Amino acid sequence: MPHYNTSTRQRVADINLGLRVDKATATLPQTTSSALFNVEVGRVLVNMILGEVTTVIQTQINATKLQSNPDTGTTTDMCAALDITAKEVGSLFTISGTAGTALQAGSSGSVIGQAIPVIVAAGAIELVCAASNTGYVKWSIFYVPIDDGAYVEAA
């Protein structure tokens with residue numbers, strides 16, 4: 001089996017999923033929302049957003065979702081809430097791409113991929129937690145700029 005160098009692997013990922021931005025592992029927001037990524041200059045097409053639990057989530061009900069908070073306009077849900085209580089290290093989170101479908105979670109090792117890309121305007125992509133739970137999650141986003149100069153950066 002061939003081993004591809006890092007730049008080749010990255011170009012293949014860019015072609016298939018779009019540009020990747022990583023947010024370092026961080027604690028969960030405590031009964032509030034917290035920006036994961038900032039969308040700058042214009043609109044982007046989000047092909048996948050992926051979270052991975054790095055420290056177990058506390059065993060306590062915590063309805064959790066992602067939302068788009070644009071610079072201009074109304075904050076909208078990117079998915080419905082999911083209770084993330086007691087998610088183990090390695091658990092993965094993503095969205096389906098349908099706003100009414102709950103945040104998708106998989107046990108260590110796998111989760112469905114995002115089926116439908118989502119267009120997000122300039123502003124923030126936020127993680128919303130209904131409770132104050134301990135636990136850490138790292139996030140990655142894969143996107144394609146729609147508007148000239150548009151880009152995403154970790155918040």
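All values reported here derive from a predicted model rather than from experimental measurement.
A search for salt bridge (charged side-chain N to carboxylate O under 4.0 Å, His left out) contacts involving Glu126 returns nothing, not counting sequence neighbours. Not counting sequence neighbours, Ala99 has no partner by the side-chain contact (heavy atoms from CB on, under 4.5 Å) test. Under the side chain to side chain donor-acceptor pair (under 3.5 Å) criterion, Glu153 pairs with no residue at all, not counting sequence neighbours. Evaluation of the side chain to side chain donor-acceptor pair (under 3.5 Å) rule for Ser140 yields Asp22 as partners, not counting sequence neighbours. In terms of the side chain to side chain donor-acceptor pair (under 3.5 Å) criterion, Thr76 has no residue partners (sequence neighbours excluded). Evaluation of the side-chain contact (heavy atoms from CB on, under 4.5 Å) rule for Thr85 yields Thr59, Asp83 as partners, not counting sequence neighbours. In this structure Thr25 satisfies the side chain to side chain donor-acceptor pair (under 3.5 Å) test together with Thr54, sequence neighbours excluded. Annotation: salt bridge (charged side-chain N to carboxylate O under 4.0 Å, His left out) contacts of Lys65 (sequence neighbours excluded): Asp77.
Taking 4.5 Å as the limit, every side-chain heavy atom of Thr134 sits out of range of all side-chain heavy atoms of Thr55. By the 4.5 Å heavy-atom criterion applied to side chains, Met48 and Thr94 are counted as neighbours. No side-chain heavy atom of Ile146 sits less than 4.5 Å from a side-chain heavy atom of Val44. With a 4.5 Å cut-off on side-chain heavy atoms, Phe93 and Lys87 count as touching. Between Leu127 and Trp139, some side-chain heavy-atom pair lies under the 4.5 Å cut-off. Looking at Val41 and Tyr151, their side chains come closer than 4.5 Å, going by heavy atoms from C-beta outward. The shortest side-chain heavy-atom distance between Leu19 and Val144 does not fall under the 4.5 Å cut-off.
Taken from OH in Tyr136 to OG1 in Thr27, the straight-line distance is 5.5 Å, to the nearest 0.5 Å. Annotation: the span from Thr64 atom OG1 to Leu28 atom CG amounts to 6.5 Å, rounded to 0.5 Å. Atom CG of Leu82 sits about 5.0 Å away from atom CG of Leu103, to the nearest 0.5 Å. Rounded to the nearest 0.5 Å, atoms CE (Met78) and CD (Gln67) are 10.0 Å apart. The CZ atom of Arg20 sits 10.0 Å away from atom CG of Leu50, with the distance rounded to the nearest 0.5 Å.
Looking only at distances, no side-chain donor or acceptor of Tyr143 sits under 3.5 Å from a matching main-chain atom of Gly18. Distance alone, capped at 3.5 Å, places no donor-acceptor pair between the Asn62 side chain and the Ile84 backbone. Put simply, the side chain of Ser96 gets close to the backbone of Thr98: a donor and an acceptor are under 3.5 Å apart.
Across Gln60 and Asn133, no two heavy atoms sit closer than the pair NE2-OD1, 2.6 Å.
Applying the salt bridge (Lys or Arg N to Asp or Glu O under 4.0 Å) test to residues at least two apart or on different chains, none of the pairs has a partner in residues 27-37. Listed by first and then second residue, the salt bridge (Lys or Arg N to Asp or Glu O under 4.0 Å) pairs involving residues 25-34 amount to none (not counting sequence neighbours).
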Donor-acceptor pairs under 3.5 Å, side chain of residues 104-125 to any protein atom, not counting sequence neighbours: which ones?
from	atom 1	to	atom 2	distance (Å)
Gln104	NE2	Ala102	O	2.7
Ser108	OG	Glu88	OE2	3.0
Ser108	OG	Val89	O	2.8
Gln114	OE1	Ile49	N	3.4
Gln114	NE2	Val46	O	3.0
Gln114	NE2	Ile116	O	2.9

Which atom pairs, one a donor and one an acceptor, fall under 3.5 Å between side chains of residues 31-40 and the rest of the protein, sequence neighbours left out?
from	atom 1	to	atom 2	distance (Å)
Thr31	OG1	Ser132	N	3.4
Thr31	OG1	Ser132	OG	2.7

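A 6.0 Å sphere centred on CG of Asp148 holds no more than 12 heavy atoms belonging to other residues, nucleotides or ligands.
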